[in-house]
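One structure, as structure tokens, below. Some questions next.
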Amino acid sequence: MRPRLPDVRDAYRRSGVDVAAGDRAVQLMRDAVASTRRGDAPDLAGGLGGFGGAFAIPSGYREPVLIGSTDGVGTKSAIAVALQRFDTIGFDLVAMCADDVVCAGAEPVAFLDYVAVGRLDPLGVAELVGSVAAGCRDAGCTLIGGETAEHPGLMPEDAFDLAGACIGVVERTALIDGRTIEAGDAIVGLRSSGLHANGFSLVRALIAEWDLDLGRPYQEQLRRSLGDRERDAVVQAEPEHVLATLGEVLLTPTRIYARGMLAARDRLRADGHDLRGVAHITGGGLPGNVPRPLPDGLGARLDPERWAMPPVMRLLGALGGIEDDELRATFNGGIGMTAVVAPGAVPSAMVAFRAQGFDPLLIGEVVPADGLDGRYVEGPLELLQ
């Protein structure tokens with residue numbers, strides 16, 4: 001009698017990889033993924049569970065240019081694990097990628113995600129991917145595929161990492177490439193929703209150093225660290241955080257600017273103007289990102305007195321003894337995106353951004369880069385009043 005061959009799936013499961021759990025996760029996320037299909041997207045081969053995700057370039061483009069970006073959520077994932085909340089972190093992922101392609105003027109059309117886990121919990125992974133799908137719906141792109149990987153022995157069982165890639169399309173003649181930017185142009189800032197998804201290694205280090213309780217009411221933590229005045233300012237400026245815990249504030253999803261930015265640009269162009277450059281404020285903060293769309297020989301002067309530092313960043317500064325300029329170079333300083341426009345376009349830009357629900361602020365100006373360290377300087381504006 002021939003010996004019975006071992007069940008390969010059982011052997012793999014004993015090694016720490018549960019294929020059946022992965023299959024179950026795919027079934028649980030199916031509806032969320034389907035909800036991201038764009039209205040102009042035809043039925044294409046592939047679909048969830050296929051080997052590749054297919055998408056079509058929307059109609060109406062004469063000379064389409066594809067723009068791609070890839071990113072992750074970094075160690076903000078550790079905050080999600082600590083709170084056991086996975087319904088928002090995918091939103092951060094889409095924002096990190098979709099708002100990068102928008103900087104070139106591209107419309108986000110397709111997204112792919114990658115989820116790595118120590119142990120695959122079908123419900124948890126489905127919740128993660130569901131939050132990615134929610135971000136895709138907000139950005140207007142289809143979640144065309146992804147990968148879920150179980151890494152037993154390499155990652156702790158409750159750990160996960162999340163990465164993704166976004167593909168956008170723009171008409172070649174509508175590319176935003178910074179070529180028309182000149183000294184004297186205005187820099188308009190759009191407020192952030194909080195920390196977004198950068199600087200969390202420092203956040204986590206401060207949590208550990210001060211043994212902070214993520215379940216503590218946010219207002220109480222502000223009072224302990226900053227006093228009653230700052231706590232009262234939160235009630236006035238951030239009513240959405242009045243009843244929040246510290247952990248919930250840290251986990252606040254990154255704002256997705258994509259659709260609003262594109263719509264504001266359309267209105268601006270209808271008024272005879274255009275966006276000359278756009279920057280997404282991510283790792284490196286304001287000094288590391290605001291100058292990126294500027295041509296060689298030009299730099300940015302920002303006046304931090306023109307907007308308020310968010311209380312959560314003031315809190316982190318107090319805990320770490322960090323000055324404001326370093327906070328703006330580590331986090332976003334309260335500004336999630338910047339746009340460069342001609343001085344005469346500022347009034348139209350303000351109207352266009354407000355129409356999309358943004359709170360635009362004139363925060364800076366483009367200046368000659370001679371003598372600037374890293375093409376960035378802070379101080380009162382000199383060319384614009």
Quiz item: Less than 4.5 Å apart, any side-chain heavy atom of Leu83 and any of Leu250?
Solution: no

Self-check item: Check: Asp99 and Ile256 side chains under 4.5 Å, non-hydrogen atoms
Solution: yes

Self-check item: Ser225/Leu319 under side-chain contact (heavy atoms from CB on, under 4.5 Å): CA gap, chis, key distance, verdict
Solution: CA-CA 7 Å; Ser225 301; Leu319 293 172; 3.8 Å; yes

Quiz item: Hey, what's the ring geometry for His280 with Tyr257, parallel, tilted or perpendicular (30° and 60° as the breaks)?
Solution: perpendicular

Self-check item: Co-members of the apolar cluster containing Leu302 [side chain, <4.5 Å]
Solution: Ile181, Ile187, Ile281, Leu286, Val290, Leu294, Leu298, Trp307, Ile335, Val340, Leu361, Ile363, Val366, Tyr376

Quiz item: Glu326 and Thr330: side-chain donor and acceptor closer than 3.5 Å?
Solution: no

Quiz item: Can you name the side chain to side chain donor-acceptor pair (under 3.5 Å) partners of Thr252, sequence neighbours left out?
Solution: none

Practice problem: Could you pull out the closest heavy-atom pair between Gly164 and Leu93, with the gap in Å? | Solution: N-CD1, 3.4 Å

Exercise. Decide yes or no on side-chain contact (heavy atoms from CB on, under 4.5 Å) for His241 and Val312, but give the supporting numbers first.
Key: CA-CA 10 Å; His241 292 333; Val312 67; over 6 Å; no

Quiz item: Sub-3.5 Å donor-acceptor pair from the side chain of Thr75 to the main-chain atoms of Ala78, do we have one?
Solution: no

Quiz item: When clusters are formed by joining ILVMFWY residues with side-chain heavy atoms under 4.5 Å apart, either directly or through shared neighbours, do Leu66 and Leu112 land in the same one?
Solution: yes

Quiz prompt | Main-chain N/O of Gly90 paired to Ser131 side chain as donor or acceptor, under 3.5 Å | solution = yes

Quiz item: To the nearest 0.5 Å, what is the distance between CG (Leu214) and CD (Glu248)?
Solution: 10.0 Å

Quiz item: Can any side-chain N or O of Glu365 pair as donor or acceptor with the backbone N or O of Arg301 at less than 3.5 Å?
Solution: no

Quiz prompt | Side-chain (Thr36) to main-chain (Ala133) donor-acceptor, under 3.5 angstrom | solution = no

Practice problem: Tell me, yes or no, whether the heavy-atom count around Asp266 atom CG, taken from other residues, nucleotides or ligands under 6.0 Å, exceeds 12. | Solution: yes

Self-check item: Taking every non-hydrogen atom, the tightest pair across Pro291 and Gly288
Solution: CD-C, 4.4 Å

Self-check item: same_hphob_cluster(Leu327, Leu206) at 4.5 Å side-chain heavy-atom cutoff
Solution: yes

Quiz item: Sequence neighbours excluded, which residues qualify as side-chain contact (heavy atoms from CB on, under 4.5 Å) partners of Val81?
Solution: Gln84, Phe86, Asp158, Phe160

Quiz item: Under the salt bridge (charged side-chain N to carboxylate O under 4.0 Å, His left out) test, which residues partner Asp138, sequence neighbours left out?
Solution: none

Practice problem: Count the heavy atoms of every other residue, nucleotide or ligand shown that sit under 6.0 Å from CZ of Arg259, and state whether that count exceeds 12. | Solution: yes

Quiz item: Donor-acceptor pair, Glu63 side chain versus Arg172 backbone, under 3.5 Å?
Solution: no

Quiz prompt | Nearest heavy-atom neighbours spanning Pro58 and Glu107 | solution = CG-OE1, 4.3 Å

Quiz item: Got a sec, which residues hit salt bridge (charged side-chain N to carboxylate O under 4.0 Å, His left out) with Asp87, two or more places apart in sequence or on another chain?
Solution: Arg85

Quiz item: Any donor and acceptor pair, going by atom type alone, linking the side chain of Asp303 with main-chain N or O of Glu305 inside 3.5 Å?
Solution: yes

Quiz item: Can Ile176 and Val170 be said to form a side-chain contact (heavy atoms from CB on, under 4.5 Å), step by step?
Solution: CA-CA 9 Å; Ile176 300 175; Val170 60; over 6 Å; no

Self-check item: Smallest separation among heavy atoms of Pro360 and Val188, with atom names
Solution: CB-CG1, 3.8 Å

Self-check item: Pair listing, salt bridge (charged side-chain N to carboxylate O under 4.0 Å, His left out) test, anchored in residues 331-343, at least two apart
Solution: none

Exercise. Under the side chain to side chain donor-acceptor pair (under 3.5 Å) rule, collect the residues that match up with Arg62, sequence neighbours excluded.
Key: none

Practice problem: Look up atom CG in Asp325 and atom CD in Glu378, then write down how far apart they are to the nearest 0.5 Å. | Solution: 6.5 Å

Practice problem: State, yes or no, whether a side-chain contact exists between Val73 and Phe200 at a heavy-atom distance under 4.5 Å. | Solution: no

Quiz item: About how many Å separate CG of Leu251 and OG1 of Thr88, when rounded to the nearest 0.5 Å?
Solution: 4.0 Å

Self-check item: Residue pair Tyr218 / Pro311, side-chain heavy-atom distance below 4.5 Å
Solution: yes

Exercise. Any chance you could measure Leu195, atom CG, to Lys76, atom NZ, to the nearest 0.5 Å?
Key: 7.0 Å

Quiz item: Between Asp271 (side chain) and Leu268 (backbone), is there a donor-acceptor pair under 3.5 Å?
Solution: no

Self-check item: Leu123: partners by side-chain contact (heavy atoms from CB on, under 4.5 Å), with sequence neighbours left out
Solution: Leu28, Asp121

Practice problem: Please name the pair of heavy atoms, one in Arg267 and one in Ala355, separated by the smallest distance, quoted to 0.1 Å. | Solution: NH1-CB, 3.3 Å

Practice problem: Check salt bridge (charged side-chain N to carboxylate O under 4.0 Å, His left out) between Glu157 and all other residues, then give those that pass, not counting sequence neighbours. | Solution: Arg119

Quiz item: Looking at side-chain heavy atoms only, is the closest gap between Leu381 and Arg306 below 4.5 Å?
Solution: yes

Quiz item: If we only count heavy atoms from C-beta on, is the Glu220 to Arg224 side-chain gap below 4.5 Å?
Solution: yes

Practice problem: Flag yes if Leu154 and Val115 sit in one hydrophobic cluster, no otherwise; membership is Ile, Leu, Val, Met, Phe, Trp, Tyr, and two members link when side-chain heavy atoms are under 4.5 Å apart. | Solution: no

Quiz item: Looking at Val109 and Arg38, what are the two nearest heavy atoms and their distance?
Solution: O-CD, 3.6 Å

Quiz item: Who passes side-chain contact (heavy atoms from CB on, under 4.5 Å) against Val346, sequence neighbours left out?
Solution: Ala186, Val341, Met350

Quiz item: Any donor and acceptor pair, going by atom type alone, linking the side chain of Thr282 with main-chain N or O of Asn198 inside 3.5 Å?
Solution: no

Quiz item: So do the side chains of Val278 and Pro293 get within less than 4.5 Å of each other, counting heavy atoms only?
Solution: no

Exercise. Would you confirm whether Asn332, through its side chain, and Gly194, through its main-chain N or O, come within 3.5 Å as a donor-acceptor pair?
Key: yes

Quiz prompt | Approximate separation, where rounding is to 0.5 Å, of Ile89 CD1 and Glu127 CD | solution = 11.5 Å

Self-check item: Audit row: Phe358, Arg255, side-chain contact (heavy atoms from CB on, under 4.5 Å) steps and yes/no
Solution: CA-CA 10 Å; Phe358 297 133; Arg255 183 165 194 173; 3.4 Å; yes

Quiz item: Could you state the interatomic distance from OG1 (Thr142) to CZ (Phe55), rounded to the nearest 0.5 Å?
Solution: 9.5 Å

Self-check item: For Asp359, all residues meeting salt bridge (charged side-chain N to carboxylate O under 4.0 Å, His left out), sequence neighbours excluded
Solution: Arg191

Exercise. Only pairs at least two apart or in different chains count here, so list each ring-ring contact (aromatic ring centres under 6.0 Å, His included) that has a residue in residues 92-113.
Key: none

Quiz item: When you measure from the side chain of Asp92 to the backbone N and O of Thr254, does any donor-acceptor pair fall under 3.5 Å?
Solution: yes

Quiz item: So do the side chains of Met261 and Leu190 get within less than 4.5 Å of each other, counting heavy atoms only?
Solution: yes

